[in-house]
There are 2 protein chains.
Amino acid sequence: MAEGTRPTPKTGRSLLYLTDEQLRRGIEAMFFAYRGFTADPDRILEEHGYGRAHHRTLHFIHRAPGTTVNNLLSILGVTKQSLNRVLRTLITDGLVESRVGTQDKRERHLYLTETGSELERQLSDAQRERMRAAYRAAGPEAVAGFRQVLEAMMDPDIRRHFNRLSDGGA
Amino acid sequence: MAEGTRPTPKTGRSLLYLTDEQLRRGIEAMFFAYRGFTADPDRILEEHGYGRAHHRTLHFIHRAPGTTVNNLLSILGVTKQSLNRVLRTLITDGLVESRVGTQDKRERHLYLTETGSELERQLSDAQRERMRAAYRAAGPEAVAGFRQVLEAMMDPDIRRHFNRLSDGGA
DNA sequence: AATCTTATGTCAGCGTTGTTGACTTTCCAA
DNA sequence: TTGGAAAGTCAACAACGCTGACATAAGATT
């Protein structure tokens, strides 16, 4: 893992796409693309005095209405204190509603209000538009490859989450 | 841009990959994959008391030794105050060397020291390993698509940066 | 020579968002 | 009834963005 520069691979089949140089390009592409990916929502969030954490929270509550705080925690991968701060402002501002669980009254089930749905839609419209343009420019086969590489890059636990979410929403 | 749910496209050719649902999956994939993408370097950085900003700085100085502060600023897209804070700690800790320009003495040219190169290598080895595994799992064609979509997702200015960097390092 | 501009560095202060630690309340379940 | 899980809160801190203000050096222009 630290043997320095890797020359042209010795394998028969072309493994050019696995050279350090190609990998470095992929890394930089990921870095720059993520900036574009978040740029549009960031602008909208700024107008409302919110940050990316608020966006993520709205997104996943929209995705799974009625989800519990604990569930949200494991998806977002942050501490409850961190999530709670964001969640509190969203509840105070009337974008998210927290309902005590009927079966387990310790749990809080989270829902977007009208206002919350409105902002979520604004944010996801902007982000989807960027994604749509990229998808259209690259074409369906590129998109399939894009998805495959991204999925392979996730941590296994997260990949399970991801696939569970994808199945649920299909 | 706010017309609600988008049903099956009416076009003859399959544009299934452009449905809101597919786009949402792409968005979530991007989010989760970026977490994986940064996870390994983050662990290493933590041991040294550094953060992602330090990683990015080391990366781009490694990429373009002798680069100026201003150039770095435009690549990283942060303010000089923000970069300066990071750069100062790296210089103080002996990972980066700052040399006054020979032609234009206002400029500072930045270089990695031995120690700086060592950490940079550690970080990029870890990140490349993750990227390599993902590339290998997905295959060359998927990788090509991955790169195409990422590039299309960047802001145009950034894309120019990216292509300039890629050309220089080829 | 005087002035404008550019490149850089620095200080102070602030905001978002992550962290740990400690503590409380509620309430299911053994 | 007691243990522990779920949720919430308070305090403190760190990383890393930001703005504004100011200083210095030096190239560029008038």
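Sequence lines set the chain letters: A, B, ... in the order given, protein chains first and strands last, and positions in each chain run from 1.
Here B:Thr79 does not reach the OP1 or OP2 of D:dG17: none of its side-chain N or O atoms lies under 4.0 Å away.
A:Arg56 pairs by the side chain to side chain donor-acceptor pair (under 3.5 Å) definition with nothing, not counting sequence neighbours. Judged as a side chain to side chain donor-acceptor pair (under 3.5 Å), and not counting sequence neighbours, B:Asn84 has no contacts.
Residue A:His54 contributes atom NE2, which lies 11 Å from atom C1' of C:dG15 at whole-angstrom precision. Rounded to whole angstrom, the span from the CG atom of B:Leu83 across to the C1' atom of D:dT19 amounts to 16 Å. Following rounding to the nearest Å, A:Arg99 (CZ) and D:dA6 (C1') show an atom-to-atom distance of 19 Å. Summarising the geometry, the separation between CG on A:Leu76 and P on D:dA7 is reported as 14 Å, rounded to the nearest angstrom. Rounded to whole Å, atom C1' of D:dT19 lies 12 Å from atom CZ of B:Arg85.
Side chain of B:Arg56, nearest nucleotide from C:dT17, D:dA26, D:dG17: D:dG17.
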Handout entry: Summary of protein contacts for nucleotides 6-12 of chain C, nucleotide by nucleotide, where a base hit scores B, a sugar-phosphate-only hit scores S (4.0 Å, heavy atoms)
Key = BSBBBB-
Tabulate below the donor-acceptor pairs under 3.5 Å that side-chain atoms of residues 66-76 of chain B make, not counting sequence neighbours, or state none.
residue : atom : partner : partner atom : Å
B:Thr67 : OG1  : B:Asn71 : ND2          : 2.7
B:Thr68 : OG1  : B:Asn71 : N            : 3.2
B:Ser74 : OG   : B:Asn71 : O            : 2.9

Pair up each side-chain donor or acceptor in residues 90-107 of chain B with any protein partner under 3.5 Å, not counting sequence neighbours, and list the distances.
residue  : atom : partner  : partner atom : Å
B:Thr92  : OG1  : B:Arg88  : O            : 2.7
B:Asp93  : OD2  : B:Tyr50  : OH           : 2.4
B:Glu97  : OE2  : B:Arg99  : NE           : 3.3
B:Asp104 : OD1  : B:Arg106 : N            : 2.9
B:Asp104 : OD1  : B:Arg106 : NE           : 3.1
B:Asp104 : OD2  : B:Arg106 : NE           : 3.4
B:Asp104 : OD2  : B:Arg106 : NH2          : 2.8

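Residues B:Tyr17 and A:Arg132 fail the side-chain proximity criterion, which asks for heavy atoms closer than 4.5 Å.
The aromatic rings of A:Phe32 and B:His161 lie parallel to each other, with less than 30° between the two planes, well short of the 60° mark.
For DNA chain D, none of the residues of residues 30-53 of chain A falls under the heavy-atom distance limit of 4.0 Å.
Separating the CZ atom in A:Arg128 from the CG atom in B:Asp20 is a distance of 4.0 Å, to the nearest 0.5 Å.
Distance alone, capped at 3.5 Å, is enough to place a donor-acceptor pair between the A:His54 side chain and the A:Gly51 backbone.
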